[in-house]
Undergrad: 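One structure, as structure tokens, below. Some questions next.
Chain A is the first sequence line, chain B the second, and so forth, proteins listed ahead of strands; every chain is numbered from 1. Keep in mind the model is a prediction, meaning the values are calculated, not measured. Computed from heavy atoms alone, side chains included, the values below leave out hydrogens, waters and symmetry copies.
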2 protein chains.
Amino acid sequence: MARRNTNRRVGIADVARMAGVSHATVSRVMNGNAAVDPDIAARVRAAAAELKYQPNPVGRSLALGKTDTIGIVVPDLANPTFQAILRGLSIAAAQDGYRVLIADSSEVTSEEAILAGEARRRCDGVVLCAPRMGDAELEELAPTLHPLVLINRTTVASNTPSLSVDYSQGIQELATHLVSLGHRKIAYLEGPLHSASNRQRLAGLEQFQAKHPDIELQFLEAGSNFDSGHDATDAVVASGATGILAFNDLVAMGLLSGLHERGIRVPEDISVTGFDDIPFARYTMPPLTTAAVPINELGSLAWRRMREQMQQSADATEAEESAQDVFEPRIEIRRSTAPVSLPVG
Amino acid sequence: MARRNTNRRVGIADVARMAGVSHATVSRVMNGNAAVDPDIAARVRAAAAELKYQPNPVGRSLALGKTDTIGIVVPDLANPTFQAILRGLSIAAAQDGYRVLIADSSEVTSEEAILAGEARRRCDGVVLCAPRMGDAELEELAPTLHPLVLINRTTVASNTPSLSVDYSQGIQELATHLVSLGHRKIAYLEGPLHSASNRQRLAGLEQFQAKHPDIELQFLEAGSNFDSGHDATDAVVASGATGILAFNDLVAMGLLSGLHERGIRVPEDISVTGFDDIPFARYTMPPLTTAAVPINELGSLAWRRMREQMQQSADATEAEESAQDVFEPRIEIRRSTAPVSLPVG
DNA sequence: ACGCTCCGAGAAAACGCTTTCTCATTGATT
DNA sequence: AATCAATGAGAAAGCGTTTTCTCGGAGCGT
């Protein structure tokens, strides 16, 4: 015996007793599974209503082998990108009667695998955002998490869908935009060093450099949040670059603020670009030129891929090749970028 | 029988078989509950490790009568305030080994009660943010949700803790700040009409009016998001007010942007205040004068109250008077407010 | 050497539900 | 009128744990 019987919630047995039928019958009418005599069904329903009976989800989960819940693991819930993914996912999942369980790893990479595993055990599937997890660890982890959908990561086990943003392409377009405005000295404010999406941007810039050997491209350390952009202000000024590609909008905004404090005008003196097009990007002063990622769509597509995968593993039609969705960012030209001003002198 | 036995996950029975002991013993060593022979314990642990056994949380939940999960229902996950509460809650709860389950009512008030009930059944407790739910409905719902903690609402059933922000006080301080700058015509950009926190601000302004009968106070409809602030720009201009109290920072930012588009300078022509001090408030142009609510703290305190309550209902020490925490906003004077400019002429 | 106590492990019940299995009852068919 | 199929409800097993209950065996005292 597990718990004292005191204070029990109303259970299926109570309804059964009140309606004068067996548990089984109550279950049947609640789920509309098998044919049951209309009179009896009515009696059961009346009893259930009278007692305000609501099936215990834990019991159901155990019997059914599903929890109607999916987990999402994110590195940092303070990041607008993950907030937006979470939101898109949550809304889409809710439409199908699923809930989402959060696991915030607080940027502690070593916890991610554990959290993901735990989430998977509690839920019917996991959406994993783990930008800094090592590739090897991811490869090992992924099979144990199935159904799994990856965000901004891919795995060789090709039956796990992944959604990603083409950061390489986006950053190249932003860089090209700056060049088209006449900028010749460009600096990239790097994101976290081990972040997969930072690596993609670097790769994109390498391609860009190859195409534009005449452009002077510098790399400055920054990070992924507002403060790291703000802190990078001096380095930016020292670099002498006229066009700045920030890792993301947050970093760009921090930089904007730092430049403003030093009386450096944007875009007259320096052009700045962000990345992501978070909701606030259009309201900075000046409004931020950035690469727009349809992030809510990403959240809801994540759910769709998850659902597909849960269905096909229910059908036991295993190992189907899964979709690899890549979102092409669309650059959004606002007023933080402008033609380079004439060199003094 | 519920599911086909194919593809089963490794369960306690497998470990028991491998170690040559009973389920019970495995459970005992996994939980360190009773004394078990060190040799046997070692054998069990070895088997568990070998099979990578991880207890099924659903089974545990059923046996233990707890899920180690709490639910939070929010009206809109896009709102930075709720994002921050969620985050604070999630991090604090995680520290105690609890996870949080999200229920986003998407502003559909009629769904809130249902979502809350469902969340409660799935979880060990619920944090409820339901600013627009009717008082009567809340009174009826609250007892069924226990352990429950309310955000920005109170209930007469005084054994449910509630955390709230003193919006009345905050808005009065902001208004007083404007007055001290010489503003005599002030407009309040109202939030959603049925929102409890909007009502509190109105009440605060009523007190303010009583103290300052000479001030001309106008009420303009707006809403709770950026766009509603932006849309209210014309009305603001038409009102002739020189000091604007926006419902919250989002509305203020929208207004800032609208005013900027019309070439109206802030703070030279019009002073604007927000409410909440969301992270972006300090980075608007100009930085926004606002009332700072320690929102992360609110999230973590919500968890503490929840935990206290779960403990005391475990102790069966029922009906203890619960804490009603009210946070006093601290006004944060930035550059969106300034002395009123001399009337022309 | 016998009986008593104590320790520790297995058997089994319990958590709350779903679903298969089984069987009684009814209505139809020959 | 007697057999058969169909219908529908109850009994019971099963989901994966934890925990109580029970009991065998070892250690102790006399």
Undergrad: Kindly write out the residues that satisfy side chain to side chain donor-acceptor pair (under 3.5 Å) with B:Ser164, not counting sequence neighbours, or none if the list is empty.
TA: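 Applying side chain to side chain donor-acceptor pair (under 3.5 Å) to B:Ser164 gives none.
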Undergrad: Could you give the CZ-to-P distance, from B:Arg122 to C:dC17, as a whole number of Å?
TA: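 Rounded to the whole Å, the gap is 14 Å.
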Undergrad: Would a distance-only check, ignoring hydrogens and angles, find a side-chain to backbone donor-acceptor pair under 3.5 Å from B:Asn56 to B:Val58?
TA: yes
Undergrad: Distance check needed: D:dG10 P versus A:Ile12 CD1, whole Å only.
TA: 12 Å
Undergrad: Looking at C:dC15, I'd like to know if its phosphate oxygens (OP1 or OP2) sit under 4.0 Å from a side-chain N or O belonging to A:Asn56.
TA: no
Undergrad: Got a donor-acceptor contact below 3.5 angstrom from the B:Arg305 side chain to the B:Ala323 backbone?
TA: no
Undergrad: Among D:dA9, D:dT18, D:dG8, which nucleotide has an atom closest to any side-chain atom of A:Ala35?
TA: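 The answer is D:dG8.
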Undergrad: Using whole Å, report how far CZ of A:Arg17 lies from C1' of D:dG10.
TA: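 Those two atoms, CZ and C1', are 16 Å apart.
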Undergrad: Measure from CG on B:Asn31 to P on C:dA9 and round the result to the nearest Å.
TA: 15 Å
Undergrad: Round to a whole Å and report the spacing from CZ of A:Arg121 to P of D:dG16.
TA: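 In whole Å, D:dG16 P lies 14 Å from A:Arg121 CZ.
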Undergrad: Has the side chain of A:Gln309 got a donor or acceptor atom that lies under 3.5 Å from a matching backbone atom of A:Leu148?
TA: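 A pair under 3.5 Å: yes.
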Undergrad: To the nearest angstrom, how far is B:Leu64 atom CG from C:dA13 atom P?
TA: 20 Å
Undergrad: Among D:dA9, C:dG10, C:dT18, which is the nearest nucleotide to the side chain of A:Ala63?
TA: C:dT18
Undergrad: Measuring to OP1 and OP2 of C:dT18, would you say a side-chain N or O of A:Arg60 lies under 4.0 angstrom away?
TA: yes
Undergrad: Using whole Å, report how far CG of A:Leu62 lies from P of C:dC15.
TA: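 Rounding to the nearest Å, CG of A:Leu62 and P of C:dC15 are 14 Å apart.
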Undergrad: Determine whether a donor-acceptor pair (N or O, by modelled atom type, separation under 3.5 Å) exists between the side chain of A:Asp124 and the backbone of A:Asp68.
TA: yes
Undergrad: In residues 22-30 of chain A, what residues come within less than 4.0 Å of DNA chain C, judged by heavy atoms?
TA: A:Ala24, A:Ser27, A:Arg28
Undergrad: May I ask you to evaluate whether A:Tyr53 reaches the phosphate of C:dC17, defined as a side-chain N or O under 4.0 Å from OP1 or OP2?
TA: yes
Undergrad: Starting at the 5' end of DNA chain C, which residue's closest nucleotide do you reach first, A:Gln54 or B:Arg43?
TA: B:Arg43
Undergrad: Checking A:Ser106 side chain against A:Val108 main chain: does a donor-acceptor pair fall under 3.5 Å?
TA: no
Undergrad: Over all strands shown, is B:Val21 touching base, sugar-phosphate only, or nothing at heavy-atom distances under 4.0 angstrom?
TA: sugar-phosphate
Undergrad: Report yes or no: does B:Ser162 contribute a side-chain atom to a donor-acceptor pair with the main-chain N or O of B:Leu150 at less than 3.5 Å?
TA: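 Checked: no pair found.
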Undergrad: Atom NZ of A:Lys66 and atom P of C:dT18: how far apart are they, to the nearest Å?
TA: 12 Å
Undergrad: Given C:dC17, D:dG8, D:dT17, which nucleotide is nearest the side-chain atoms of B:Pro55?
TA: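 Nearest to the side-chain atoms of B:Pro55, counting from C-beta on, is D:dT17.
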